[in-house]
Number of protein chains: 2
Amino acid sequence: MAKPVVPEERRRRRRPTRGGTVLSERLIVETALRMLREHGSAGLTARRLGLALDADPSTLYRYFRGMDDLTLAIGDALVGQALDGWRPTGRWREDLRAVGLRIHAAYVAHPQAALLTTSRVTGRANELAADEAVLDVLRSAGFPLADTVTVYHAFIDQTLAFAALDAASLALPSAALRADEEMWRSTYARLPEETHPRIAEAAPLLARLMVTSAYPTALEMLLDSAAARLDAASG
Amino acid sequence: MAKPVVPEERRRRRRPTRGGTVLSERLIVETALRMLREHGSAGLTARRLGLALDADPSTLYRYFRGMDDLTLAIGDALVGQALDGWRPTGRWREDLRAVGLRIHAAYVAHPQAALLTTSRVTGRANELAADEAVLDVLRSAGFPLADTVTVYHAFIDQTLAFAALDAASLALPSAALRADEEMWRSTYARLPEETHPRIAEAAPLLARLMVTSAYPTALEMLLDSAAARLDAASG
DNA sequence: GACGTAAGGTCAATGGCGTTGGCATAAGAG
DNA sequence: CTCTTATGCCAACGCCATTGACCTTACGTC
């Protein structure tokens with residue numbers, strides 16, 4: 001039966017599958033991440049994962065309550081590696097920039113996985129540590145408490161939002177991706193000046209810029225505004 | 001057979017279903033939107049939609065190439081109503097704020113639909129019109145072309161990113177939503193000062209703020225930075 | 001070292017899904 | 001009034017997640 005899932009730390013008997021593979025939460029999550037990368041976010045199915053692990057699909061239910069539970073485990077793994085090894089420098093603007101870019105990068109590095117997990121909230125240790133770190137950077141920089149909370153809220157949600165958005169476009173199936181890019185060339189670049197003058201004049205610049213992430217720019221603009229706010233508060 | 005989908009404007013024979021309903025793209029999309037609202041983003045299935053329309057599921061394939069095509073049509077409908085009725089005032093900051101809040105609001109008003117469509121790029125008429133409008137606001141305000149494109153990119157992607165993020169949390173099944181809120185109260189509000197001093201001191205403010213969208217704040221910060229940039233360029 | 005227990009594997013079945021090919025029928029052109 | 005064909009219905013296919021029953025082997029105990 002599937003109900004009583006044994007937590008990883010209490011597992012004792014590691015019976016190999018018929019093919020000789022020895023399973024573990026870690027192995028399953030890593031295999032799932034690889035499958036997501038190779039087959040896209042819809043390519044992760046219990047059957048296929050079982051096949052890749054050389055195990056019956058139903059075996060997965062010994063480790064996770066269902067595919068949704070597995071999804072959360074994958075998200076947890078992503079969050080874990082985002083801030084792994086980061087240390088604050090004491091320069092607030094540099095530190096915030098680093099944290100933002102790291103979280104963004106961790107998600108974008110696994111777009112298909114990010115697609116499944118960005119909207120889920122875990123509230124686990126890694127998330128708490130990141131929040132505490134960001135708040136500490138702001139307070140240590142001299143932001144008053146109210147401003148700290150406001151800037152923190154905008155900062156963290158902006159980071160997650162862009163991570164999700166950029167992951168989504170990276171995770172598009174290659175056919176749809178090609179179609180989108182083609183649309184950029186065929187539609188935007190050729191709009192007549194009479195009906196869309198602003199797009200027409202900006203088309204070359206747009207074509208170069210729109211294929212990159214706007215997150216670094218948006219982040220810098222947010223930091224600009226925060227710096228101005230800090231000046232106003234302390235001077 | 002399903003292949004040759006007749007475009008809406010060339011339809012002539014409106015044969016009613018067995019139950020008497022007369023189908024149309026519009027009716028199907030509206031019904032789908034209603035089902036999304038009522039049954040969540042996973043509750044939209046061809047079979048259920050057929051049931052709601054009093055038609056065989058396969059009939060849908062006379063109107064859309066598949067469920068994915070229907071998804072795009074839903075997204076197009078959302079974009080359409082976002083800027084419906086908006087007129088620029090000539091004050092750039094006010095205009096950008098209005099466009100951003102309108103697009104954000106349109107998606108958030110249909111969270112489950114937004115969940116399915118925010119990551120898709122249509123390149124259709126409504127999207128083009130919005131882009132042209134934003135570019136025009138910036139150029140008319142006096143932004144140089146390069147700055148215009150940079151600010152436009154950050155503005156539009158930030159708007160879509162926050163729309164997706166906020167829609168995602170609104171679209172959570174109510175059980176998960178309740179669990180998340182409970183987590184906020186039970187975890188963040190009670191973290192010991194020794195291990196998480198910054199979260200502890202900010203907890204009351206956080207609890208009040210985190211349940212709202214950070215988009216208005218982030219938008220205002222982006223406009224702050226853009227205004228400073230405009231000053232620097234023109235003075 | 002033998003043994004009993006239950007963790008952790010397999011197998012088979014259920015009900016739901018998107019999608020398609022074949023067929024029936026009625027709307028509208030002539 | 002007749003003919004064409006757009007548009008509806010039906011039945012079936014091959015996926016999917018999940019579950020209950022069963023089997024087997026790793027390990028703690030003696």
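Numbered from 1 within each chain, the chains take letters A, B, ... in sequence-line order.
- When rounded to the nearest whole Å, the span between CG of A:Leu53 and C1' of C:dT10 equals 15 Å.
- Taking B:Arg34 as the reference, nothing meets the side-chain hydrogen bond (donor to acceptor under 3.5 Å, both in side chains) condition, with sequence neighbours excluded.
- Partners of B:Asp136 by salt bridge (Lys or Arg N to Asp or Glu O under 4.0 Å), not counting sequence neighbours, listed by chain and number: A:Arg198.
- The residue among B:Asp68 and A:Asp56 whose nearest nucleotide of DNA chain C lies closer to the 5′ end is A:Asp56.
- Taking only side-chain atoms of B:Tyr61, from C-beta outward, the nucleotide of D:dT7, C:dT20, D:dA17 with the closest atom is C:dT20.
- Atom CZ in B:Phe64 sits roughly 18 Å away from atom C1' in C:dT20 (whole-Å rounding).
- Applying the salt bridge (Lys or Arg N to Asp or Glu O under 4.0 Å) test to B:Glu30 and every residue at least two apart in sequence or in another chain returns B:Arg26.
- Under the salt bridge (Lys or Arg N to Asp or Glu O under 4.0 Å) criterion, A:Arg47 pairs with no residue at all, not counting sequence neighbours.
- Atom CZ in A:Arg65 sits about 11 Å away from atom P in D:dT18, given to the nearest Å.
- If you check the side chains of A:Tyr215 and A:Thr159, you find a donor sitting under 3.5 Å from an acceptor.
- B:Arg15 has its CZ atom 13 Å from the P atom of D:dA6, to the nearest Å.
- Contacts of A:Arg37 classified as side-chain hydrogen bond (donor to acceptor under 3.5 Å, both in side chains), with partners at least two apart in sequence or in another chain: A:His110.
- Nucleotide C:dT19 holds its P atom 7 Å from the CE atom of B:Met67, rounded to whole Å.
- Against DNA chain C, the stretch residues 33-51 of chain A makes no heavy-atom approach under 4.0 Å.
- The nearest whole Å value for the distance from the CG atom in A:Leu23 to the C1' atom in C:dA7 is 13 Å.
- Rounded to whole Å, atom C1' of C:dA26 lies 15 Å from atom CZ of B:Arg18.
- Side-chain atoms of B:Tyr107 and B:Asp166 include no donor-acceptor pair closer than 3.5 Å.
- Residue B:Ser58 places a side-chain atom within donor-acceptor reach of the base of D:dC10, judged by atom type and a 3.5 Å distance cut-off alone.
- In this entry the distance linking OH of A:Tyr63 with P of D:dT19 reads 18 Å, nearest Å.
- Applying the 4.0 Å criterion to OP1 and OP2 of D:dG8, one finds that B:Thr59 has every side-chain N and O outside that range.
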